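No experiment lies behind these values; they were computed from the predicted model shown. Letters A, B, ... are given to chains in the order of the sequence lines, protein chains preceding strands, and every chain is numbered from 1. Because only heavy atoms are used, hydrogens play no part in the values below, and waters and symmetry mates are left out as well, while side chains stay in.
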2 protein chains.
Amino acid sequence: MRLVVARCSVDYSGRLDAHLPLATRLLMVKTDGTVLIHADVGSKALNWMSPPCTLREEAERWTVTNKTGEQLVITIDEIVSDAYADLGIEPGLVKDGVEAHLQVLLAEHCESIGAGLRLVQREFPTDIGPVDLLCRDESGRTVAVEIKRRGEIDGVEQLTRYVERLDRDPMLRPVRGVLAAQEIKPQARVLASSRGIECVVIDYDELRGIDPVVPRLF
Amino acid sequence: MRLVVARCSVDYSGRLDAHLPLATRLLMVKTDGTVLIHADVGSKALNWMSPPCTLREEAERWTVTNKTGEQLVITIDEIVSDAYADLGIEPGLVKDGVEAHLQVLLAEHCESIGAGLRLVQREFPTDIGPVDLLCRDESGRTVAVEIKRRGEIDGVEQLTRYVERLDRDPMLRPVRGVLAAQEIKPQARVLASSRGIECVVIDYDELRGIDPVVPRLF
DNA sequence: TTGTTGATTTCGCAA
DNA sequence: TTGCGAAGTCAACAA
């Protein structure tokens with residue numbers, strides 16, 4: 001990785017056009033071709049080019065291009081420092097607690113979504129995409145469950161489409177919908193209510209505690 | 001800005017849990033508190049903490065926390081280098097070609113959306129949010145236009161809600177919907193069709209060429 | 001402070 | 001390769 005601190009101006013032309021006036025910034029050039037331009041504030045780079053891309057370095061003009069024709073032109077006014085660091089390989093990030101884990105746990109413990117719920121199938125296919133969980137309740141009625149980490153309006157819309165679709169199948173009808181999430185936004189709750197969709201808040205830690213089918217990753 | 005290259009392992013606990021095994025990485029500490037951890041590949045940081053947050057630095061343990069209780073713990077095994085650079089203030093990024101520009105241009109040139117279309121109002125308010133453009137067609141029928149850079153399912157859902165809402169107003173009824181975007185995804189097209197919503201693809205460069213009402217920014 | 005929406009979103013997975 | 005959905009999405013802006 002090469003770390004250059006330089007006074008520079010930048011022009012990006014691609015999906016949109018963007019321009020950075022002359023100022024001192026950090027230019028990060030990675031081994032895979034990635035170029036990132038950072039200011040001393042903010043968690044996001046001001047400008048960047050994602051790999052695969054190539055850097056052509058001239059005297060005071062760096063040009064980074066990718067095969068889709070996007071271009072990043074860095075005009076160097078003054079190099080403040082220029083350092084190289086050998087970082088070696090990256091073992092990679094391990095994550096725990098994403099939507100996929102929640103789905104696995106809820107499939108194993110349907111009763112956390114509603115008393116007496118039994119799993120029919122995970123990722124039940126419909127012609128507009130798979131429903132997260134298809135279940136039956138105590139009375140044998142079909143229940144379509146949409147799982148989200150955070151329940152928002154989009155999730156309610158998505159579930160509405162699934163329920164509408166499944167409800168056309170005489171073998172499944174009548175179908176009710178349940179939105180299960182670790183957190184449900186007020187607006188989503190209102191919309192769900194008006195659509196006859198039930199909202200259930202899931203406690204991930206509690207759920208993981210019931211039965212450690214999926215051991216902690218670290 | 002402080003740039004530290006170090007062999008370290010990292011644990012994040014907050015919206016999820018994440019772990020980085022021991023390896024050499026770049027630690028970027030910005031003046032506003034931002035901490036970013038970069039490997040030598042990829043355009044995204046492996047781990048980070050966004051401001052406002054505070055860094056507590058102990059011998060071999062850096063702890064970054066924010067007020068919502070998220071925590072980033074960096075365990076330092078070995079410091080390879082530690083440098084400081086004064087970047088000064090950032091004048092900021094100037095952009096051209098985002099959705100807002102598209103809306104301005106289309107408001108000026110409704111005929112690009114459909115022959116004979118006349119603008120009634122931009123950002124026409126409804127009780128569920130503003131419609132991008134409200135127009136009338138040649139026959140005097142109300143047309144609600146939703147503008148997106150990329151037309152996807154969300155945009156169709158959004159427009160559907162607006163049309164449904166506007167259609168309740170006797171002064172506007174009957175209302176038809178048009179999704180105008182530089183690019184429209186197949187699934188969005190299918191859903192739009194089933195909802196009776198028209199899709200129009202807009203050429204931004206051509207549109208800007210018609211009449212340079214909005215001069216180029218740089 | 002909360003909510004909504006756009007983004008050069010990025011990223012991963014599956015068809 | 002393309003399409004689609006999740007993300008610690010982030011960040012700007014309005015209420």
Nearest-0.5 Å distance, CG of residue Leu191(B) to CD1 of residue Ile197(B): 7.5 Å

Main-chain N/O of Cys8(B) paired to Arg25(B) side chain as donor or acceptor, under 3.5 Å: yes

With a cut-off of less than 4.0 Å, is there a side-chain N or O of Gln187(A) near OP1 or OP2 of dT4(C)? yes

Please determine if a side-chain N or O atom of Lys44(A) lies less than 4.0 Å away from the OP1 or OP2 oxygen of dA11(D). no

Side-chain donor-acceptor contact under 3.5 Å, Thr142(B) with Arg176(B): no

Between Ser43(A) and dA11(D), is there a contact of a side-chain N or O with OP1 or OP2 at under 4.0 Å? yes

Mind checking Asn47(A) for me? I need base, sugar-phosphate or nothing, with any heavy atom below 4.0 Å counting as a touch. base

Does Arg15(A) make a side-chain N or O approach to OP1 or OP2 of dT10(C) shorter than 4.0 Å? yes

Checking contacts here: which listed nucleotide (dG8(D), dT5(C), dT10(C)) is nearest the side-chain heavy atoms of Trp48(A)? dT10(C)

Rounded off to whole Å, could you give me the CD-to-P distance for the Glu146(A) and dC4(D) pair? 16 Å

To check you understand the geometry: which heavy-atom pair defines the closest contact between Leu26(A) and Leu87(B), and what is its length? N-CD1, 4.0 Å

Using the C1' atom as the point on both nucleotides, what is the distance between dA11(D) and dA7(D), in whole Å? 15 Å

Can you figure out which of dC4(D), dG6(C), dG8(D) approaches the side chain of Lys95(A) most closely? dG8(D)

Looking at dA11(D), dT4(C), dT8(C), which one has an atom nearest to any side-chain atom of Ser50(B)? dA11(D)

Pairwise side-chain contact, Leu207(B) with Leu102(B), heavy-atom cut-off 4.5 Å (strictly under): yes

Atom-to-atom span, CD of Glu157(A) to C1' of dG5(D) - whole angstrom: 16 Å

Rounded distance in Å between the C1' positions of dT10(C) and dG6(C): 14 Å

For atom C1', what is the distance between dC11(C) and dA7(C), given to the nearest Å? 14 Å

Position toward the 5' end of DNA chain D (nearest nucleotide), Gln158(A) or Pro51(B): Gln158(A)

To the nearest angstrom, the CG-P distance between Asp132(A) and dC13(C) comes to 17 Å

Comparing Val98(B) with Lys67(B), nearest DNA chain C nucleotide closer to 5' gives the residue Lys67(B)

Considering every strand and a 4.0 Å limit on heavy-atom distances, what is the contact class for Glu152(B): base, sugar-phosphate, or nothing? nothing

Sticking with atom C1', work out how far dG8(D) lies from dA14(C), rounded to a whole angstrom. 24 Å

Taking for each residue the nucleotide of DNA chain C with the nearest heavy atom, is it Glu70(A) or Ile153(A) whose nucleotide lies nearer the 5' end? Ile153(A)

Separation of dG8(D) C1' from Ile37(B) CD1 (nearest whole Å): 13 Å

NA contact type, Lys185(A), heavy-atom cut-off 4.0 Å: base, sugar-phosphate, or nothing? nothing

Salt bridge check, Glu157(A) against Arg195(A): does any charged N sit closer than 4.0 Å to a carboxylate O? yes

Can you tell me how far P of dA12(D) sits from CG of Leu16(A), to the nearest Å? 15 Å

Expressed in angstrom and rounded to an integer, what is the separation of Tyr204(B) atom OH from dA7(C) atom P? 11 Å

Take atom CG of Asp154(B) and atom C1' of dG3(D), then tell me their distance rounded to the nearest Å. 15 Å

Separation of atom CG in Leu102(A) from atom P in dA6(D), rounded to whole Å: 12 Å

For Met49(A), report the nucleic acid contact type (base, sugar-phosphate, nothing); a contact means any heavy atom under 4.0 Å. nothing

